**Student:** 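Below are the structure tokens for one structure; questions will follow.
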Amino acid sequence: MSTYGRRDFLKAGAAAAVAASFPLLPGCATTPSGARVVVIGGGFGGATAAKYIRLWDPSIDVVLVEREPGFTSCPISNLVLAGYASMREISHGYDGLRAHGVQVVQDEVVAVDAAKRTLRLARGGDLGYERLVVSPGIDFMYNEIQGYEPAMQAGGVLHAWKAGPQTEALRAQLEQMRDGGVYALSIPLAPYRCPPGPYERVSMVAAYFKQAKPRSKVLVLDANPDVTSKGGLFKRAWADLYKGLIEYRGNAKAIGVSPGAIRLEVEDVKADVLNVVPPHRAGDIAVKAGLITHNNRWCEVDWRSMESKKVPGIHVLGDATLSAPGMPKSGSMANNHGKIAAAAIVELLRGRAPEPQKIINTCYSFVSQKEAIRVSSVHQWDGKTLTPVKGAGGVSPARSEAEASFAWNWARTIWADSVG
Ligand SMILES: Cc1cc2nc3c(=O)[nH]c(=O)nc-3n(C[C@H](O)[C@H](O)[C@H](O)COP(=O)(O)OP(=O)(O)OC[C@H]3O[C@@H](n4cnc5c(N)ncnc54)[C@H](O)[C@@H]3O)c2cc1C
């Protein structure tokens, strides 16, 4: 674990001198005294870090490299599947970040040279940095599920676990499915992005079927032994609102897909719509940058600064990190990671040690169009890592319309805070 002693600041200063000698991207001016921070990924973690570095020190030159033209939110995307929200509502541009002076470059980072403190862009050209923030989200381990990639290319299976074209495709498949058909959702073993997300999806698809295709069925094939988050509240909602519509099977790990069927360890299960979420790991660029430290999947960080435990000068955020104890992979957390990194980078570039922060996570889940449930937790530095504060947080006592209204407000607030 890094200790942030005087030697680190001297190293940071030397690195600054190295990075300054690298050519700038055309159109990417830097302030004369400004250090340059490059951020990879304009999702909840990266966008927040880019914005808050500029807010807290406008002399720092911040370049955000994002491969997509805009930000599409996974939170609320399950409501799109039910027809309760639109793609337009979950899609946001990066003009808010530009207004804060962040230089947004639409491109893909294909390589990182941590020794030289440069990165390579897919469209050509290298970019130098003094500190790099890597918030690439997740990529999928398709080879863990036999036949997945060809089936996905043929449109026979979707994950819709990155909001965007697959969200729209899944909505279309649900609309086209016959009444009396089966929608199957396969959930990977934890840890995965958004612990309650799959069960919210189950609720949303069941709500749609109840209203539009009441003879249909939602089949949940969960690799975990039981519902991994807000279990009591979800099961109560399913029993009260969707009796006979949902069949839940625990310990049901998908190992393959073929046309119209999901292979489990013991049998093949047929369904009309296959929604199989493969196991995932930190996004590809984290692998290429040599940031993976745990289980070939996740990146360990110093939770006071989000700095990689393996590669100095690189801060890793969001779903790509090896989660601290009791910490979910969530947009709420990634947004907090962005602020921890922003504060730490501003301090480190000024030659000061970062202060540990206390952070809060809140995850809302809709169980019907009008009702939602919530889980929250508080995490604080214990001298080694961030750990949940005992007695702080918890789950909502029951589903309610008030929680649904809080959920929409939470979403609008975090979108504005991250990319606004
Ligand atoms: C269905 C669903 C529902 C969810 N609901 C909630 C919720 O209600 N509340 C909540 O808190 N969380 C929720 N989440 C989880 C949340 O979406 C993630 O935890 C969050 O997006 C993680 O943020 P991130 O910055 O790590 O990654 P992301 O938000 O995925 O951002 C990563 C970005 O990096 C870009 N990128 C990757 N590699 C490169 C590269 N090489 N070059 C350039 N750009 C690159 C990607 O294009 C992407 O824009 C949900 C997730 C799902 C799937």
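Bear in mind that the values here come from a model prediction, so they are computed numbers and not experimental data. As a basis for the values below, the full set of heavy atoms in this structure was taken, side chains included, without hydrogen atoms, waters or symmetry mates. In listed order, ligands and their atoms are each counted from 1.
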**Student:** Any N or O on S135 sitting closer than 3.5 Å to an N or O of ligand 1?
**Tutor:** yes
**Student:** Do ligand 1 and G197 have nitrogen or oxygen atoms that lie under 3.5 Å from each other?
**Tutor:** no
**Student:** If we only count heavy atoms from C-beta on, is the R171 to Y208 side-chain gap below 4.5 Å?
**Tutor:** yes
**Student:** Of all the non-hydrogen atoms in the protein, which one sits nearest to atom 41 (N) of ligand 1, and at what distance?
**Tutor:** V109 O, 3.0 Å
**Student:** Just checking, is any N or O donor in the side chain of D61 or Y129 under 3.5 Å from an acceptor N or O on the other one?
**Tutor:** no
**Student:** Between the side chains of Y364 and S396, is a donor N or O closer than 3.5 angstrom to an acceptor N or O?
**Tutor:** no
**Student:** Taking distance alone, with no angle check, do G45 and ligand 1 share an N/O pair under 3.5 Å?
**Tutor:** yes
**Student:** Is the terminal nitrogen or CZ of K329 (NZ for Lys, CZ for Arg) located under 6.0 angstrom from the six-membered ring centre of W298 and within 45° of that ring's axis?
**Tutor:** yes
**Student:** Measure the distance from atom 26 (O) of ligand 1 to every protein heavy atom, then report the residue, atom name and distance (to 0.1 Å) of the closest one.
**Tutor:** D319 N, 3.0 Å
**Student:** Out of S365, C194, G164, who is nearest to atom 4 (C) of ligand 1 when you count heavy atoms only?
**Tutor:** C194
**Student:** Heavy atom under 4.0 Å from ligand 1: found in Y364's side chain, backbone, both, or neither?
**Tutor:** backbone
**Student:** Write out the residue and atom name of the closest protein heavy atom to atom 51 (C) of ligand 1, then the distance separating them to 0.1 Å.
**Tutor:** C74 CB, 3.3 Å
**Student:** What is the nearest protein non-hydrogen atom to atom 33 (C) of ligand 1, stated with its residue, atom name and distance?
**Tutor:** E66 OE1, 3.5 Å
**Student:** Under a plain distance cut-off of 3.5 Å, with no hydrogens placed, do R131 and H315 share a side-chain donor-acceptor pair?
**Tutor:** yes
**Student:** Tell me the contacting part of E68 for ligand 1: side chain, backbone, both, or neither, using a 4.0 Å heavy-atom threshold, strictly below.
**Tutor:** side chain
**Student:** Taking only heavy atoms of S77, which atoms of ligand 1 are found under 4.0 Å from at least one of them?
**Tutor:** 1 (C)
**Student:** Nearest protein heavy-atom contact for atom 23 (O) of ligand 1: which residue, which atom, what distance?
**Tutor:** A334 CB, 3.5 Å
**Student:** Please check if any side-chain donor atom of S365 sits under 3.5 Å from a side-chain acceptor atom of K230, or the reverse.
**Tutor:** yes
**Student:** For a quick check under 3.5 Å, do R201 and S203 share a side-chain donor-acceptor pair by atom type?
**Tutor:** no
**Student:** So between H337, R201, R67, whose heavy atom ends up nearest atom 39 (C) of ligand 1?
**Tutor:** R67
**Student:** Mind checking whether C363 has an N or O less than 3.5 Å away from an N or O of ligand 1?
**Tutor:** no
**Student:** Looking at D113 and R120, is there a salt bridge between them, counting it only when a charged N and a carboxylate O are closer than 4.0 Å?
**Tutor:** no
**Student:** What is the nearest protein non-hydrogen atom to atom 9 (N) of ligand 1, stated with its residue, atom name and distance?
**Tutor:** W410 CH2, 3.2 Å
**Student:** Please state which protein non-hydrogen atom is closest to atom 10 (C) of ligand 1 and give its distance, to 0.1 Å?
**Tutor:** G331 N, 3.3 Å
**Student:** In terms of side-chain geometry, is the basic nitrogen of K370 or E401 positioned less than 4.0 Å from the acidic oxygen of its partner?
**Tutor:** no
